[in-house]
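Heavy-atom basis, side chains included; hydrogens, waters and symmetry copies ignored. The sequence lines fix the lettering, A, B, ..., with proteins before strands; numbering per chain opens at 1.
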Amino acid sequence: MDSTFTEDQKTFAEATRAVLTGEVTAERIRQRWATPSGVDDALLEQIKGLGLNGMLVPEALGGLGLGQTDFVLMAQACGYVALPEPVAEQVTVVAPLLVDVVDRGLGDSSVQQVLDDLQSGSVRVAVAHPINPMVNFAESADWFLLGHGEALYLAAAEQVNLRPRKSVDPSRRLAEVNFDARDAHCLARGDVGAELWRATLNRGALCTAAQLVGLAEAMVDQTVRYTGDRQQFGRAVGANQAVKHLLADVAVQIEYAKPVIYRAAYTAEVSPDRADFAVSHAKVAAARAALLATRHCIQAHGAMGYTWECDLQIWVKRAWALAREWGDEGFHKNRIHEWLLRPNALLGPDFTFGRRSITDSSEALESMA
Amino acid sequence: MDLRYTDKQLQFRQEVRQWLEAHVPDRPLASFDTEEGFAAHRQWERTLAEGNWGMVTWPEAYGGRGCDLIEWLIFEEEYYRAGAPLRVNQNGIFLLGPTLMEYGTEAQKARFIPAMARGDEVWAQGWSEPNAGSDMAAIRCSAVRDGDEFVINGQKIWSTRAVYADWVFGLFRTDADSERHHGLSKILVPLNAEGVTVRPIPQLNGLPGFAEIFFDDVRVPDFNLLGGEGEGWRIAMATAGFERGLMLRSPARFQQASKRLVELYRSRQNELIDPSIEDAVLRCYMDAEAYALSTYQTASLLCGGGSIGAEASCNKIFWSELDLLIHETAMTLLGARAEIEPETEQDVAELGTWLDGYMFAQSGPIYAGTNEIQRNIIAERMLGMPRK
């Protein structure tokens, strides 16, 4: 039993965070807003060099063979800088779905080709999961993994119709994606399709949860700086208890969301078919922390917090969006509710990690699924 | 990250479970804030000590098992699962014990720890004074050196368990000219010493869970000074760290309570209930797990040689507000019957101990440093906001 990250994991995350913090500034995010694609191609080139896209792809398929636990701190770092491009999604959602398809021998050789190209950074792939009404950065995607009922399709960009939708967050580039299933390459349907979509949803929700907690941390840090500088009544605004307590409340929620997200990452990695509860818990906890951060940080900024000029809006609006992407509170709380009320659910202090462990498949554990 | 118990840990869990199943009293003991209940709880401490289960993290030489913190968490999970009695000597074993281990002389450890482990000496705590509550550095109760003795004069208040306990530990001002957190020392005082008067204070439930202690020329040998003279504040901060941190409120307590809450909710599903209850029940269960996961993370960190950072000050707010939410939710589920004080076995079966727990939960955000003080600590020490 060891709940800590390895030195390697921490070092890799720190290095990624350092690159991101240097390259993804509020100023450069605002520059993206003025461009049609909203993508910083130079940055994506640089990230390509970090080899992230193949991080969760098995070595046999050309990747690094790492797991969700290895990336979760980096997803958090992507949130911390409010990275607009869906880098974390490519790594933790798109690539693993393509791997699932290849592993099961579904589809033709084009899937392997898309996976290879994704890893080399020569193509971008978007996932249109049925739970998300819009797809972010659909216009810059070369390939689409599409849902229709339980079925999973692969289609090239020219095979889909996009209806752009404007997001409250100017960093996001949303579109509704429509396609004719007869033109697309069907990779899976029925139970297999449902299973792939369920695993994908869990990865998407986990990835979003990690980013949300990173966003919350960044909002608190910015607000601590602002209220430390801003003077009123002859002293820093942040010296007032009323302001301190607003931020302390957010800090507490962040502190207790993190271990929940890390357990979800571990569960999604070692026992993906039992990850529903852990992932939903993570998404709910992270959304709660991030949404509280949006409220309290705007408040502590005073009138500045309500301006376009104040960079806080970059993080606030992302949190508003991500809190509802990959399953909103209602979806995830309902999954938790269902899990808790199963007659044979393993509840109580001795089952935090399942019967013996999250991977334990002894019979009574089926209720953990 | 490896969230699997080792075979050794699983065996340990099994061993704890079997022992508890064989030894935990069938019926709940009376409250340890009654004379009869106190005696019964002291007896339970003796039973635990006989099986070497009194404080599993202590070295074997002191009646412990040398367990690490993960094993401690497993022990606590089993302890709450079994519904074992609350620890009447928690001030001793969880707060003073670890401090004695770290700051006590060999002679002091030999004198105090085994008696504490056996429940022969039950401890009360003496931090607060009438004018030193949240502002503990305002302590005035004095201990003046006279040869190889200290002469204590003054008053302590809100002293938990002091009514029936044998000893009290606390902070006393040993340097009359000192101010604030300087010149304080940690001294151990027998409550049967001449000049000690204990005046019980009934708590919200009517039972004397704490007391005022008056010291009138009370003489104790300087053997009872724990750590150096004037070192009291630093040592007290270490104790407060233990209190707010891992030991005093282990997550298992809240996980077990939230499990009972889920059961209560299930049993009431067909009645007309407040629609927001479902959300509260989920939140209680999730937050109790979050607290457990966070504690495992801290325990793993400490087992690997790391140390707790300022983020530990989040603990106390989280568990005390969770405890309130659990009990508030239960009260809502019980509806108009929530106010009934259980008297018969049938009452207990129907109403559980929720009312009692609800009253106790009111104290969580107050003791061990109010949550308002904790929020200041988080803002200033963890987030780095300006003190003034």
Side chain, backbone, both or neither of Gln253(A) within contact of chain B (heavy atoms, under 4.5 Å):
side chain
Honestly, the part of Ala292(B) sitting under 4.5 Å from a heavy atom of chain A is side chain
For Met1(B) and Tyr266(A), which heavy atoms make the closest approach, and how far apart are they?
O-CE1, 3.6 Å
Given heavy-atom pairs under 4.5 angstrom as the criterion, report whether the side chain, backbone, both or neither of Tyr296(B) touches chain A.
both
Which region of Arg225(A), side chain (C-beta onward) or backbone (N, CA, C, O), has a non-hydrogen atom less than 4.5 Å from a non-hydrogen atom of chain B, or is it both or neither?
neither
Please identify, among Val220(A), Asp2(A), Thr4(A), the residue contributing the most non-hydrogen atom pairs under 4.5 Å to chain B.
Asp2(A)
Measure the CD-CE distance between Gln9(B) and Met1(A) for me, rounded to the nearest 0.5 Å.
6.5 Å
With only heavy atoms counted, which part of Glu311(B) is less than 4.5 Å from chain A, the side chain, the backbone, both or neither?
both
Provide the closest heavy-atom pair for Tyr285(B) versus Leu346(A) in the form atom of the first, atom of the second, distance.
OH-O, 4.2 Å
Using modelled atom types and a 3.5 Å cut-off, is there a donor and acceptor pairing between side-chain atoms of Arg266(B) and backbone atoms of Arg342(A)?
yes
Between Tyr256(A) and Tyr291(B), what is the ring plane arrangement, given parallel below 30°, perpendicular above 60°, and tilted in between?
tilted
So, taking the atom named OG in Ser294(B) and the one named OH in Tyr262(A), what distance separates them when rounded to the nearest 0.5 Å?
11.0 Å
Where do Glu372(B) and His245(A) land on the side chain to side chain contact (heavy atoms under 4.5 Å, CB included) test, with the steps shown first?
CA-CA 8 Å; Glu372(B) 288 68 34; His245(A) 290 194; 4.0 Å; yes
Given heavy-atom pairs under 4.5 angstrom as the criterion, report whether the side chain, backbone, both or neither of Ile317(B) touches chain A.
side chain
Out of Met382(B), Lys388(B), Glu380(B), Arg283(B), which one racks up the most heavy-atom pairs below 4.5 Å with chain A?
Arg283(B)
Any carboxylate oxygen within less than 4.0 angstrom of a Lys/Arg side-chain nitrogen, looking at Asp350(A) and Arg13(B)?
no
Proximity breakdown for Ala251(A) and chain B, heavy-atom pairs closer than 4.5 Å
both
Could you tell me which of Asn376(B), Thr6(B), Ile70(B), Leu301(B) has the largest number of non-hydrogen atom pairs under 4.5 Å with chain A?
Asn376(B)
Given a strict heavy-atom distance threshold of 4.5 Å, which part of Gln256(B) is in contact with chain A: side chain, backbone, both, or neither?
both
Between Ala252(B), Cys314(B), Cys303(B), Ala379(B), who has the most heavy-atom pairs with chain A when the cutoff is under 4.5 Å?
Cys314(B)
Side chain, backbone, both or neither of Asn371(B) within contact of chain A (heavy atoms, under 4.5 Å)
neither
For Glu263(B), is it the side chain, the backbone, both or neither that has a heavy atom under 4.5 Å from a heavy atom of chain A?
neither
Select one option (side chain, backbone, both, neither) describing which atoms of Leu282(B) are under 4.5 Å from chain A's heavy atoms.
both
Derivation and outcome, side chain to side chain contact (heavy atoms under 4.5 Å, CB included), residues Lys244(A) and Ile378(B):
CA-CA 8 Å; Lys244(A) 285 178 181 167; Ile378(B) 291 168; over 6 Å; no
Once rounded to the nearest 0.5 Å, what's the spacing between atom CZ of Arg263(A) and atom CG of Leu3(B)?
8.5 Å
Contacting region of Arg17(B) [heavy-atom separation from chain A under 4.5 Å]
side chain
When you compare the side chains of Gln255(B) and Thr352(A), does any donor N or O come within less than 3.5 Å of an acceptor on the partner?
yes
Identify which of Glu289(B), Lys259(B), Gln297(B), Met286(B) forms the greatest number of heavy-atom pairs closer than 4.5 Å to chain A.
Met286(B)
Scanning both residues in full, the closest heavy-atom pair of Val260(A) with Ala290(B) reads CG2-CB, 3.5 Å
Select, from Arg288(A), Glu255(A), Gln241(A), Gln9(A), the one with the greatest count of heavy-atom pairs under 4.5 Å involving chain B.
Arg288(A)
Under 4.5 Å from any heavy atom of chain A, what part of Glu321(B) do you find: side chain, backbone, both or neither?
neither
